[in-house]
Amino acid sequence: MNAPAASWLDEIPARLADIGRAHLLRRRRVVQPAGGARLLVDGQPMLAFCSNDYLGLAGHPALAEAAREATHRFGVGSGGSPLVSGHSAANAALEQELAAFVQLPRALYFYAGYATNTGIIPALVGDGDALFSDALNHACLIDGARLSRATIHRYPHADLAALEAALAASPARRKLVVSDAVFSMDGDLIDIPALLALCERFDALLLLDDAHGFGVLGPQGRGSLAQAGLTGAAASRRVLYMATLGKAAGVAGAFVAGDAALIEWLLQKTRTYIFATAAPPLLASALSKSLELIAAADDRRQQLGARIAQLRSGLAALPAAVGWHLLPSDTAVQALVIGSNEAALAVMESLRAEGLWVPAIRPPTVPAGTARLRIALSSAHTAEDVDLLLQALQRHAAGCTTTAQT
Ligand SMILES: *Cc1c(COP(=O)(O)O)cnc(C)c1O
């Protein structure tokens, strides 16, 4: 045994080594765009299946042009909090456009999705209130819940009977249900009308995080709430719809939309909004252009749908003996569960050796024993791109089953 370290800071290298031994050490790669779904990764050309740029808009010249023009008009920085001097004309215009796009009364635009959820949840509920959270919710919903100091009821993933029981048993007057709409590591879509019906029955507010549905799902990409028919005249004041703008929208930031009084409340009470510098106006201008492109991108959504179908039917043909398990999902997020961290990393490495970049997602991002490849598809992928991935997985699976039998 080592002698106890003099300072806890001396223990950091050993703790890092522990992370390495558990195959949990994360590494950043330096990337540059290389056309379509291709990237230069640490200088090497790779075909990437790990971007959330689902519509291939992040590199769109019209967005770059909008940002360039806005830089000339507004400069680069916003200069302050939106409540002081940072609420640029570009940001104000974007909020109107976001609300109109998702067909809800009012929207509030944030610099990041993480800050949105960690800020708005504590603005809505606190000590003595009750919060109900799906077990597979995104980390920032979990962190927002913890920050709020509300009593947290975590229900099994998508188990609405368990949620109903927890709501019925709660004596709290203020109840908030929070859920991903499309789950970020599994790709499945929650039953939004059923969730909302429960919230209505128990006088709860519903916060839906549509980071992976916005731009992709619903008519003209207006998101999963629009797909469920719960926007416009059918909008409920019980739903706060949150979505991020760094994924299908191809830029950065996030917004929350809903009932005008609730949005005003969030504007008054959200600390991550009040005490932070507003997003640069050039991003808001790029986002205004992005909303136009998203609305007109039925061709891109169709292309994405074709790639999803192609990948799923190809993966269904993998040998069962390998023990991999494709989770049910109709979205751009396709999770191929491998099992152990080590096995998932081995598949990732063998794909990498063939020039294919598919991330292995490990605990704590996903539950222990469900390490997986998270295959993110984009309209920028061609049928040939998806074929390359399928063939490589096929070869790796064949190798695994041979090893298992000998
Ligand atoms: C990416 C993501 C976020 C965080 O958004 P950022 O803008 O990247 O901070 C929040 N919720 C979900 C479900 C996400 O996938």
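Counting starts at 1 for both ligands and their atoms, following the listed order. All values below were derived from every heavy atom in this structure, side-chain atoms included, with hydrogens, water molecules and symmetry-related copies excluded.
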Counting only heavy atoms from other residues, nucleotides and ligands, does the tally under 6.0 Å from CZ of R29 exceed 12? yes
Any pair with a residue in residues 50-67 that passes salt bridge (charged side-chain N to carboxylate O under 4.0 Å, His left out), sequence neighbours left out, goes on the list, sorted by first then second residue, please. E65-R68
Could you list all the side chain to side chain donor-acceptor pair (under 3.5 Å) pairs where at least one residue sits in residues 239-249, not counting sequence neighbours? D210-Y241
Check ligand 1 for N or O atoms under 3.5 Å from a protein N or O and list each pair with its distance.
residue, atom, partner, partner atom, Å
ligand 1, 7 (O), G113, N, 2.7
ligand 1, 9 (O), G113, N, 3.1
ligand 1, 9 (O), Y114, N, 2.8
ligand 1, 11 (N), D209, OD2, 2.6
ligand 1, 15 (O), H212, NE2, 2.6
ligand 1, 15 (O), K247, NZ, 2.7

Quick check: are there more than 12 heavy atoms from other residues, nucleotides or ligands sitting under 6.0 Å from CZ of R26? yes
Exercise: do T370 and R372 side chains pair donor with acceptor under 3.5 Å: yes
Return the set of residues passing side chain to side chain contact (heavy atoms under 4.5 Å, CB included) with V30 (not counting sequence neighbours), or none when no residue passes. D42
